[in-house]
2 protein chains.
Amino acid sequence: MTAHRDQLDALGVAADHRQANGAGRTVPDATVARLALYLRALTSLADAGTATVSSESLASAAGVNSAKLRKDLSYLGSYGVRGVGYDVELLTEQIRSTLGLNQNRAVALIGLGHLGQALAGYAGFASRGFRIAALVDNDAALVGTFVRGLAVQHSDELENLVRAEDISIAVIAVPASVAQEVCDRLVAAGVTSILNFAPAVLNVPPHVDVRKVDLAAELQILSFHDNRKAVQADIEADAALAHSNGAGLSARAGQAGTA
Amino acid sequence: MTAHRDQLDALGVAADHRQANGAGRTVPDATVARLALYLRALTSLADAGTATVSSESLASAAGVNSAKLRKDLSYLGSYGVRGVGYDVELLTEQIRSTLGLNQNRAVALIGLGHLGQALAGYAGFASRGFRIAALVDNDAALVGTFVRGLAVQHSDELENLVRAEDISIAVIAVPASVAQEVCDRLVAAGVTSILNFAPAVLNVPPHVDVRKVDLAAELQILSFHDNRKAVQADIEADAALAHSNGAGLSARAGQAGTA
DNA sequence: GTATGTGAAATGTTTCACAGCC
DNA sequence: GGCTGTGAAACATTTCACATAC
């Protein structure tokens with residue numbers, strides 16, 4: 001679990017050189033995660049013909065508060081105009097450049113079950129700076145079929161494809177039982193960033209980044225909050241009851257869903 | 001292993017609640033997000049026949065460090081035995097109860113495109129405490145078809161289904177353009193927790209929680225770090241070069257930026 | 001007047017390190 | 001001896017509030 005933080009903080013020498021893309025500072029992780037949101041909001045503003053936007057309205061379009069947005073943008077540099085706001089096009093360009101999206105990065109997608117097919121067809125990838133350059137599966141029935149104009153290749157070809165297309169980012173959408181094996185092969189072939197949809201912990205060397213999306217975990221987190229709301233509602237009902245008739249505890253504490 | 005700032009709710013919710021457990025403790029959001037991971041790790045330990053586990057090995061199975069794991073578990077109460085470790089079954093039960101998973105919650109899934117189909121078929125939902133109780137789409141070609149044994153209903157039925165099944169959690173997997181409308185209807189029908197896969201910001205009243213999964217945003221975050229690694233590699237190459245022949249800038253790899 | 005950019009304060013999270021218990 | 005549970009320190013993020021610039 002050596003993390004990025006280490007790499008980010010150990011930049012010392014790097015500072016000067018990185019100004020190639022206009023950003024001289026180190027950008028906090030929490031900020032990086034939101035830049036993608038701002039980008040999406042900016043794109044829809046641009047589509048609507050807006051040329052300039054205030055931190056207040058951009059923040060609301062992205063679903064954050066304006067102080068946070070301004071702080072975030074300040075890490076990229078000073079691209080707003082006081083009393084006016086931000087130029088939509090300029091800011092879009094700055095964020096794209098900070099995220100490294102100006103190179104239309106090639107991405108490999110491993111696993112073409114329903115989820116993989118959904119990912120392959122997801123318009124957002126193409127429109128937001130990524131080109132799916134390789135589709136790989138080990139199911140003979142899928143190999144050779146075309147998904148969005150690209151042929152599915154057999155997994156034997158994985159290493160060749162990664163090298164031929166100079167792919168550094170891969171998406172894993174295979175069953176958990178084979179995720180680590182696929183991961184190892186990707187890393188050996190030169191992939192350095194992985195987005196993992198399999199519900200499994202991937203072990204990788206320190207120079208490789210893994211982000212994971214765990215669908216069931218997301219629901220469980222919601223469940224926690226939902227449960228809390230139900231319990232809270234019960235407590236309030238009890239309080240009201242105690243007030244009105246001096247009685248005590250509700251018998252349904254812990255059983256949710258009544259509200 | 002890797003962790004950016006832990007990503008768990010980097011793009012997370014707009015909610016700030018704390019739950020009172022049976023004992024009255026509060027569980028931090030960052031901890032809640034990890035409980036789901038621990039649960040998954042515990043389940044596979046149980047399947048492997050392990051009865052007791054140390055914080056060290058559970059942490060490594062879940063991909064976190066052991067101090068964090070112990071701190072997290074301490075918010076639930078004191079369920080370990082010093083010198084020994086944690087009882088797998090007991091701890092599983094405690095986490096399930098904290099997350100409110102002991103009621104097999106009914107979930108509605110709206111949108112049965114590829115992503116929706118993948119979600120409907122995702123075994124993890126059923127096995128991890130959720131029952132998909134309603135499938136809804138507005139495409140006439142899909143209505144009446146069966147997905148995993150459950151009939152797809154027309155979206156006109158949305159409100160009826162939510163009420164009939166007493167659904168409080170919904171998953172939105174529709175195009176961004178109709179996401180807000182679907183969301184409004186869900187909320188009006190009584191849904192209080194939403195997992196949103198559409199790349200759109202949803203506006204909801206304060207009593208409703210939204211978590212979002214933005215697939216393109218995840219890739220963009222990886223892209224940022226990948227880009228940084230490439231730049232770093234350039235810097236090191238330059239340094240080496242400067243050492244060996246006193247020259248300056250490398251033109252290598254084309255990763256650095258946007259001239 | 002208006003809206004950005006940013007120090008400083010408040011809040012949240014992770015890590016450390018060790019007392020306490022088996 | 002080994003491992004949990006937890007205060008306290010270190011670190012990271014968010015919010016506040018206002019000086020600064022247009």
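Naming convention: chains lettered A, B, ... in sequence-line order (proteins, then strands); numbering from 1 in each chain. Predicted, not measured: the structure shown is a model, and the values here were computed from it.
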Spacing between A/D72 atom CG and C/dT6 atom C1', to the nearest angstrom
13 Å
Nearest-Å distance, CG (A/L35) to C1' (D/dT13)?
15 Å
Could you check whether A/S97 and A/N102, counting side-chain N and O atoms only, form a donor-acceptor pair closer than 3.5 Å?
no
In whole angstroms, how far is the P atom of D/dT13 from the CZ atom of A/R34?
9 Å
What is the distance from NZ of A/K71 to P of C/dG7, rounded to the nearest Å?
7 Å
Protein and nucleotides 17-22 of chain C: nitrogen or oxygen contacts under 3.5 angstrom:
unit_1	atom_1	unit_2	atom_2	d
C/dG20	N3	B/R82	NH1	3.1
C/dC22	O4'	B/R82	O	3.3

Using a 3.5 Å cut-off and no angle test, enumerate the donor-acceptor pairs between side-chain atoms of residues 43-52 of chain A and protein atoms at least two apart in sequence or in another chain.
unit_1	atom_1	unit_2	atom_2	d
A/T43	OG1	A/L39	O	2.8
A/S44	OG	A/A41	O	3.2
A/T50	OG1	A/L45	O	3.4

Side-chain contact test, heavy atoms from C-beta onward, threshold under 4.5 Å: evaluate it for A/V32 versus A/Y75 and give yes or no.
no
Atom pair distance, as rounded to whole Å: CG in B/D29 and C1' in D/dT13:
13 Å
Rounded to the Å, how far apart are B/Y75 OH and D/dG7 P?
10 Å
To the nearest Å, how far apart are A/L91 CG and C/dG5 C1'?
14 Å
When you look at A/S168 and B/K229, which way does the side chain to side chain contact (heavy atoms under 4.5 Å, CB included) test go after all the steps?
CA-CA 11 Å; A/S168 65; B/K229 280 181 285 199; over 6 Å; no
Among B/V171, B/N196, B/V213, which residue satisfies the side-chain contact (heavy atoms from CB on, under 4.5 Å) criterion with A/E218?
B/V213
5'-most contact on DNA chain C: A/G80 or B/T31, nearest heavy atom basis?
A/G80
Check whether any side-chain N or O of A/S55 sits under 4.0 Å from OP1 or OP2 of C/dT4, and answer yes or no.
yes
Does OP1 or OP2 of C/dT15 have a side-chain N or O of B/K68 closer than 4.0 Å?
yes
Phosphate contact (C/dG5 OP1 or OP2) by A/Y86 side-chain N/O below 4.0 Å
yes
Please identify which of these residues, A/R34, A/R211, A/R40, meets the salt bridge (charged side-chain N to carboxylate O under 4.0 Å, His left out) condition with B/D214.
A/R40
Establish, with yes or no, whether the OP1 or OP2 oxygen of D/dG5 is under 4.0 angstrom from a side-chain nitrogen or oxygen of B/S78.
yes
Starting from C1' on D/dT4, measure out to CD on B/E56 and report it in whole angstrom.
12 Å
Can you tell me if A/Q180 uses its side chain to pair, donor with acceptor, with the backbone of A/N203 under 3.5 Å?
yes
Give a yes/no answer on whether the side chain of B/S54 brings an N or O atom under 4.0 Å of OP1 or OP2 in D/dC3.
no
Within the structure, does a side-chain N or O atom of B/N65 lie under 4.0 Å from either OP1 or OP2 of C/dT15?
yes
